[in-house]
J.: 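One structure, pasted below without further comment.
All heavy atoms count here, side chains included; hydrogens, waters and symmetry mates do not.
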Amino acid sequence: MAEAVMKTLPSKTVARLTPDPFVAGALTLHLDSAPQSHISLRDPRDLFYDYVRRMGTAIDLAAPAGEPIDVLHLGAGALTLARYVAETRPGSLQLAVESEKGLVPFVLAAAPLPRSSTIDLIEGDALDSLGALAAADSAWRERADVVICDVYAGVETPTHLVTPAFFEAVARVLAPAGVVLVNVADDADLSRSEAQLAALRAVFPVIAVIGPSAVLAGREGGNIVFLAGADPAILDRMPALAAAGPHPVAWHVAMNE
């Protein structure tokens, strides 16, 4: 793809895919004026943003290398991590839930997935979609090895997706040894992270947080990642996750109070 492409979505949001002038074969997805996703068509394993790299490593550590896994993406964007999983774990079952109607078809028309990989799509609200996915007769009930929560409307996560009710629904699709990965874009006061943590604590007994040292210390804004679930092995994997970078990095266990 040599030139930028754009489309006005049904919500009136303008989606643009533009070539990265500094990274050959890479594209950036903008929604209106905000950069939303970065993908490499030459090598889907090349993850650009630091928090996406941490999520990619967390996925690497969730199961033996190359083993297919089941991944639920809440928030799809340009399918950066779906492409990563398809490349690193062929045969994985993946489902993306995206509230911005028309976005994923627009992205795939300009930047298709490799022929050998597929991903199912639900266009709708994440919490509403989880209701059906978590139903007793759903194939996704207690199935997901990884649930990725990266849902934004503009620069904010919708408030109904930062609640115990939302994460209770997530827990119903999570496999017993599965892990939930939550991206939080925060200011230096970490107020958004505190709200996410309170919602996670109401549901999951095991929670850790990782991110740039300056962000976790409250010296600057940035993105951090929460890892949550019921399996204590999540905490055992944290040193390896931190060692993989990017650096400087900090992490800690978020104990239930």
J.: Identify which one of V184, I224, V253, L190 satisfies the side-chain contact (heavy atoms from CB on, under 4.5 Å) criterion when paired with V209.
T.: I224
J.: For D150 and G75, indicate whether the former's side chain and the latter's backbone hold a donor-acceptor pair under 3.5 Å.
T.: no
J.: State plainly whether one hydrophobic cluster holds both V151 and L127, where clusters connect Ile, Leu, Val, Met, Phe, Trp and Tyr through side-chain heavy atoms under 4.5 angstrom apart.
T.: yes
J.: Output the rest of the hydrophobic cluster of V14: all Ile, Leu, Val, Met, Phe, Trp and Tyr residues reachable through side-chain heavy-atom contacts under 4.5 Å, sorted by chain and number.
T.: M6
J.: How long is the straight-line distance from OG1 of T18 back to CG of L29, given to the nearest 0.5 Å?
T.: 8.5 Å
J.: Nearest 0.5 Å, please: how far is CD in E100 from CZ in F106?
T.: 11.5 Å
J.: Is any side-chain heavy atom of L174 less than 4.5 Å from a side-chain heavy atom of V146?
T.: no
J.: Considering only heavy atoms from C-beta outward, does the side chain of W140 approach that of L93 to under 4.5 Å?
T.: yes
J.: What are the two closest non-hydrogen atoms of A230 and P232, and how far apart are they?
T.: O-CD, 3.4 Å
J.: Is there a donor-acceptor contact under 3.5 Å linking the side chains of D125 and S99?
T.: no
J.: How close do A169 and A134 get, counting heavy atoms only, and between which atoms?
T.: O-CB, 4.1 Å
J.: Is L121 close to P105 at the side-chain level, that is, under 4.5 Å between some pair of heavy atoms?
T.: yes
J.: Hydrophobic cluster membership, with links at side-chain heavy-atom distances under 4.5 Å among I/L/V/M/F/W/Y: are I122 and L161 in one?
T.: yes
J.: Atom CD of Q94 and atom CG of L81: how far apart are they, to the nearest 0.5 Å?
T.: 9.0 Å
J.: When you measure from the side chain of E98 to the backbone of G124, do you find a donor-acceptor pair of N or O atoms at a distance under 3.5 Å?
T.: no
J.: Is there a donor-acceptor contact under 3.5 Å from the side chain of R16 to the main chain of H30?
T.: no
J.: Looking only at heavy atoms, which two atoms of F204 and A171 are closest? And how far apart?
T.: CE2-CB, 3.8 Å
J.: What are the two closest non-hydrogen atoms of V170 and C149, and how far apart are they?
T.: CG2-SG, 4.5 Å
J.: Just by distance, do the side chain of R172 and the backbone of L133 share a donor-acceptor pair under 3.5 Å?
T.: no
J.: Is any side-chain heavy atom of E142 closer than 4.5 Å to one of V173?
T.: no
J.: Decide yes or no on side-chain contact (heavy atoms from CB on, under 4.5 Å) for I148 and L74, but give the supporting numbers first.
T.: CA-CA 6 Å; I148 299 168; L74 301 178; over 6 Å; no
J.: Show your working on side-chain contact (heavy atoms from CB on, under 4.5 Å) between N183 and Y152 and close with a plain yes or no.
T.: CA-CA 10 Å; N183 169 44; Y152 279 82; 3.7 Å; yes
J.: Are side-chain heavy atoms of L31 and L103 found at a separation under 4.5 Å?
T.: yes
J.: Which heavy atom of G221 sits nearest to which heavy atom of V215, and what is that distance?
T.: O-CG2, 3.6 Å
J.: Could you walk me through whether R237 and V179 satisfy the side-chain contact (heavy atoms from CB on, under 4.5 Å) test, starting with their C-alpha distance in whole Å, then the side-chain angles of each, then the deciding distance to 0.1 Å, before giving a yes or no?
T.: CA-CA 11 Å; R237 298 194 291 265; V179 59; 4.3 Å; yes
J.: Quick one: does R89's side chain have a donor or acceptor within less than 3.5 Å of a partner on I59's backbone?
T.: yes
J.: List in chain and number order the residues that pass side chain to side chain contact (heavy atoms under 4.5 Å, CB included) with A177, two or more places apart in sequence or in another chain; answer none if no residue qualifies.
T.: D231
J.: Group every Ile, Leu, Val, Met, Phe, Trp and Tyr by side-chain heavy-atom contacts under 4.5 Å, then state whether V5 and V107 land in the same group.
T.: yes
J.: Can you tell me how far CD1 of I39 sits from OG1 of T80, rounded to the nearest 0.5 angstrom?
T.: 6.0 Å
J.: Are L181 and V206 joined in one hydrophobic group, where the rule is that I, L, V, M, F, W and Y side chains link up if heavy atoms are under 4.5 Å apart?
T.: yes
J.: Does L227 reach the side chain of V180, with side-chain heavy atoms less than 4.5 Å apart?
T.: no
J.: Do the side-chain N and O atoms of D186 and N223 include a donor-acceptor pair separated by under 3.5 angstrom?
T.: no
J.: Drop me the distance from L41's CG to D46's CG, to the nearest 0.5 angstrom.
T.: 11.0 Å
J.: Y84 versus R45: any side-chain heavy-atom pair under 4.5 Å?
T.: yes
J.: Indicate yes or no for a side-chain donor-acceptor contact from S92 to the backbone of P68 under 3.5 Å, with no hydrogens or angles considered.
T.: no
J.: Provide the closest heavy-atom pair for A63 versus E67 in the form atom of the first, atom of the second, distance.
T.: CB-OE2, 3.8 Å
J.: State plainly whether one hydrophobic cluster holds both V71 and V104, where clusters connect Ile, Leu, Val, Met, Phe, Trp and Tyr through side-chain heavy atoms under 4.5 angstrom apart.
T.: no
J.: Should I119 and L95 count as side-chain neighbours, where that means a heavy-atom distance under 4.5 Å?
T.: no
J.: From D20 CG over to H38 NE2, what is the distance, rounded to the nearest 0.5 angstrom?
T.: 4.0 Å
J.: For residues 47-58, run the donor-acceptor check on the side chains, cut-off 3.5 Å, and write out each pair with its distance to 0.1 Å, sequence neighbours left out.
T.:
unit_1	atom_1	unit_2	atom_2	d
R54	NH1	P246	O	3.0
R54	NH2	P246	O	3.4
T57	OG1	R53	O	3.1

J.: Return yes if some donor-acceptor pair links the side-chain N/O of D32 with the main-chain N/O of A34 below 3.5 Å, else return no.
T.: no
J.: I would like to know whether L197 and F226 meet side-chain contact (heavy atoms from CB on, under 4.5 Å); could you show each step before the answer?
T.: CA-CA 8 Å; L197 179 56; F226 284 99; 4.0 Å; yes
J.: Would the distance check show the side chain of S213 and the main-chain N or O of V249 forming a donor-acceptor pair, the cut-off being under 3.5 Å?
T.: yes
